[in-house]
There are 2 protein chains.
Amino acid sequence: ILSLTITVILALAFIEEPSSLTVTSDVRYRLPAWNPPCGLTESLELLCFLVFVVDVSVKSYLIGWKEFWKNKWLMAYILTLIVSLTDWIVSLSFFCKESVRIRRILRPFFLLQNSSMMKKTLKSINSTLPEMASVVLLLAVHLSLFTMFAMLLFARTKDNQQDKEWVVYFRNLPDSLTSLLVLLTTANNPDVMIPAYSKNRAYSIFFILFTVLGNLFLMNLLTAIIYNQFRGYLLKSVQSSLFRRRLGIRAAFEVLSSLKETPASAQQSCVSVGALLQVLQKAEMDSRCKQAIMRSLKMCSCDQLSAAQFQKLFEELDKDAIKQHPPSPEYQSHFMQKMQFAFGHPCFGYLGNVVALANIISICVVLVMDADKQPSERDDFFLGAINCFFILYYLLEMLLKILAMGLRRYLSYPSNRFDGLLTVILLILEIATFAVYGFPHPGWRPEFMGLLSLWDMVRLVNMLIVFRFLRIIPNMKFMALVVTTLLDLVKNLRAFAGILVVVFYAFAITGIMLFKGAVKKNSKAEFTGSCVHINLVLYFKEKKKVLSWCSAHFQAGVVYCLLYVLSVHLICRWAKIYFVAWWLISSVIWVNLFVALLLENFIHKWDRRCQRESLSGIEYQRTVELMFRDVLEEPTEEELMEKLHQHPHLQLCR
Amino acid sequence: ILSLTITVILALAFIEEPSSLTVTSDVRYRLPAWNPPCGLTESLELLCFLVFVVDVSVKSYLIGWKEFWKNKWLMAYILTLIVSLTDWIVSLSFFCKESVRIRRILRPFFLLQNSSMMKKTLKSINSTLPEMASVVLLLAVHLSLFTMFAMLLFARTKDNQQDKEWVVYFRNLPDSLTSLLVLLTTANNPDVMIPAYSKNRAYSIFFILFTVLGNLFLMNLLTAIIYNQFRGYLLKSVQSSLFRRRLGIRAAFEVLSSLKETPASAQQSCVSVGALLQVLQKAEMDSRCKQAIMRSLKMCSCDQLSAAQFQKLFEELDKDAIKQHPPSPEYQSHFMQKMQFAFGHPCFGYLGNVVALANIISICVVLVMDADKQPSERDDFFLGAINCFFILYYLLEMLLKILAMGLRRYLSYPSNRFDGLLTVILLILEIATFAVYGFPHPGWRPEFMGLLSLWDMVRLVNMLIVFRFLRIIPNMKFMALVVTTLLDLVKNLRAFAGILVVVFYAFAITGIMLFKGAVKKNSKAEFTGSCVHINLVLYFKEKKKVLSWCSAHFQAGVVYCLLYVLSVHLICRWAKIYFVAWWLISSVIWVNLFVALLLENFIHKWDRRCQRESLSGIEYQRTVELMFRDVLEEPTEEELMEKLHQHPHLQLCR
């Protein structure tokens, strides 16, 4: 429920007033966006707030009054709720006509505080900040010294022809600073030096020095610092999660032992097997693990379990499930057995890949031939015929594979599932095409009928065929390695992505609030001119666009291009600060964080590749812990007990 | 002599025929470049070739006939020389009018083969190529699949208004491929998606997916692979250099022992101290090491040295010189001693930094105030007066420091040398200004006199003052760390830089040869239009420009911008291939190599910072070996002897 509430409250921004979520983004063609009546979004918001209030009160109650005052996140949560509710009341009393809504900027906080992973990551980023700040300081010194140099070098001269550089880029201090800052992002890289360069080639030395020092050295230094900080990040987090797991099991042991046999004379505390079995029956856990624990518990001969035995029992939780594919069906007939051997063989899979490749190539050839034809001249017969043939082959392949492996075994491989699903969709599409437009024949150019035109159907089929071609990935060793690295990375990146969403959201809302008026100032005449300008205007109009754009434009180029246009056209200081902050956070820091994590993940994978290869016969359900299995340290008993005694809610009677 | 010859033959390209090295680079204003008469550069070239012939014959003679056939570098050297000489004869027989000069492209080879470091680095890069190739293959698959998708998605429709995307970016297969390749470099990042985006927002998903997968994942994967490969690079090269050094000393020991006492009955071979002393006297080596070895040799009581003792003796070579600053002068007078204490104290240095900062700020203030003034309105009095005051302070500071520390001690600190030199230059400039223009007074605006105008003089002084401000670097801890890392990096990067020069040179020459005609095809009318276009035209005209530009534009943006313009205007396939190759080598591979080396260097430095800090009182002449001292392995005696017995020129009589 909490996750749903957070999604709803974040999604509200897409339909609220300043948003204009329409199909087209071109201001000239689009219809006015749907504006919800006052009170609709507000009541939704109130519902969400109520859920949050319930959540925070339950949490505060559970954690206890003493702990509550120590927990800064919970305090901030309550504060945010109070501010949001106040803002909501103000909003309603103005009948939704108020100009500033603080609660919108606060919304991403709810996402942040709900995930412990994100909080941990934020802490980790926070500890890197001092070092990052020193590099940013260094960059600032670099920038300011070069700005002074530039202002002295490209000063105003008496000859108006000669000081183009001064007029365009170095007119005064803010202009010079902006020019060089933009040069640091390489957005205006050739343009800024051209006037000076065409006067004297030697001026280029200044720009080269600036770029090499700033861009090549200092920017990469930032990467190095962030990588250095995050080198142990993964290992540390896995280590601490192992510690918490061991701690939890130990705590369970202590509780069980203290409850059951208070007067036991034995020095060592023990847990009886019967009690444990009772508890296990009631506990909610993965059924596979439960069964494994029960089984080893029954095999255990003794009646009492010591702490070490107890701990060992639960190691089953760490183990990975070895995925077993269901067996192939066993046929009686000799012919069927031969069929099974032939179509269960990997070579049949390779043949399928070759056919898929042939299909791709044929589509490519048709596309190249049809590239310049008018739609009316186009003959869909050829493409229709070959697609029909190939789809029949795919169907046959799927059926033969099911015959050879049995349906359950077939479905247990992810690649087969992917394959089969696409084949079924392709088949349905093809049958629909034939049902509406009839069978293909030379000169087959039927008119538009039904939901989609024939051409659209064929395109859709082709796209799916191209997509289906991805099945070759697991067959290529290096590709498979890269893809698994990327998938692992995606898992580890979830927390970072969450923080990114928080930052994006806050920036988008701030941008909308700041630049609401900017669009109207520009006349429509300037509109059709440069593409960049359209972007600029669109940029501030809609949040959706900002969000999708930002994710596409990590590279600073565009943001800076916009900043540049903005600084020329609007001369708005706020815009500059907004964009510089945006560039620093999204482009510089986030991309570097990403590179650091990728390096970390990939190098671990690479080192372990050889070990992995020997195990490649068995498919593991891979967990992050597995990757670090041999580097992790088991926590000692003393550490565990010390931590347990410090726990505020667990009173151990000793 | 060899280095000089290589420099000369590489520099020849700047004055040879297709080059046009003039002060301005603007084709509209510049004078025709100086064309050397036929035979001048050719005779210089012949001289260089003769030097190379002598070099190669000496080397072949020394290495012996048998070894010669195994040495591929030497063979390639001779082949290159033969081809170059043949090309030279052809060139002379055409009276320098021939169109293709192969020998120019071969020139950088001479630079390459002359440095063993560069050869080693090349080998190292070579071993990374297979993995890089797999990522590039992955990129190619990514690109081609998305291209097919794009062609199906943005197909031609019947409505001409609707298919803008198709017309501009996805007209046919080469166009689509280029559009997406350029998108991979983020050069056309917003533009390429705008037509589709303004039709329907959902199209942006395609572009976002493409950019995130290609740019964020695959490109950074390349960084990870290269970093992974080069992680041990520094350590390995230092380890092998240590091995060679130990091997050399061991070989010297074997030679000495076999020469002197052939019939010795002892099992272990020995070297007599007297013989070693004789050899040492004649050997050419660092006088400090020689003295240290002699000293320990004399202190040694025994007459014969075993191999281990011999090896130990030469460990002096590995030790770093502990730099000792000459002592301060000792004054008799009590007043002078007080003065010495006051001005030798670090606080006096900090005061100097504060004054320098004040000077910078004052210059900055004047610059901001004068930014929009006409040159005729400008009053130079204020700036002249404060500069005069500050320079006097700097002079005083220098003199007082010399008084406190003595001239020799003052000069032994690099920061003082930097400071003193700049102060003296500033003083000379100021005196020259006063001599020509008189003392400053309100309304001081003298006419132009002598070599430089007053305004230029003042600007020059100010630039030097800004430059002098860099003396604060060693006082800031983090900055000092960063700067020393960068300096170390520069040392380690020499080999890479050499290879880069080789690649640049080859690309520049190829570019000139390929695009000689391209400039004339474009009319001058297109010229004044966009800045980018001027760049394009200038780009191919001159090698000098290509060289300096390329170094400024590692970021692919510009190169791609040019490629884009080129593909529109010239539709020249060769240009496309040329630029894609250039982008891959300079921007993708080289920048990643640089990042890898920087990470390696920086992380080593960072880890060792704590240890370093304890030693900070003593200044070491730092060598790369010192950095790795505690990780290096000493080679064993067996390894050394095995290597020695394999040596082709050393016959050990055993």
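Given the structure is predicted, the values throughout are model-derived calculations rather than measurements. Naming convention: chains lettered A, B, ... in sequence-line order (proteins, then strands); numbering from 1 in each chain.
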### Query
Hey, what do you get for CG (B:N220) to CG (A:N592), rounding to the nearest 0.5 Å?
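Result: 9.0 Å between the selected atoms.
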### Task
Find the distance between CD1 (B:I363) and CE (A:M151) and round it off to the nearest 0.5 Å.
11.5 Å
### Nearest atoms (heavy-atom pairs only) where A:L152 meets B:M463
CD1-N, 3.7 Å
### Query
What are the two closest heavy atoms between B:F467 and A:F149, and how far apart are they?
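The pair with the smallest heavy-atom distance is N-CE1, 4.2 Å.
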With a 4.5 angstrom heavy-atom cut-off, could you sort out which part of [X] is near chain B: side chain, backbone, both or neither?
X	answer
A:V141	side chain
A:L470	side chain
A:F469	side chain
A:I205	neither

### Task
Report the C-alpha separation of B:L367 and A:L173 in whole Å, then their side-chain angles, then the decisive distance to 0.1 Å, and conclude whether the side-chain contact (heavy atoms from CB on, under 4.5 Å) test is met.
CA-CA 8 Å; B:L367 276 179; A:L173 191 69; over 6 Å; no
### Summary
Assert top hit (heavy-atom pairs under 4.5 Å, partner chain A, pool B:L218, B:V595, B:V368, B:L221) equals B:L221
### Query
For the candidates A:Y203, A:F217, A:F210, which exhibits the highest count of non-hydrogen atom pairs separated by less than 4.5 Å from chain B?
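Heavy-atom pair counts peak at A:F217.
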### Query
Tell me, do B:L599 and A:L599 make a side-chain contact under 4.5 Å, heavy atoms counted?
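Touching, per the 4.5 Å side-chain cut-off.
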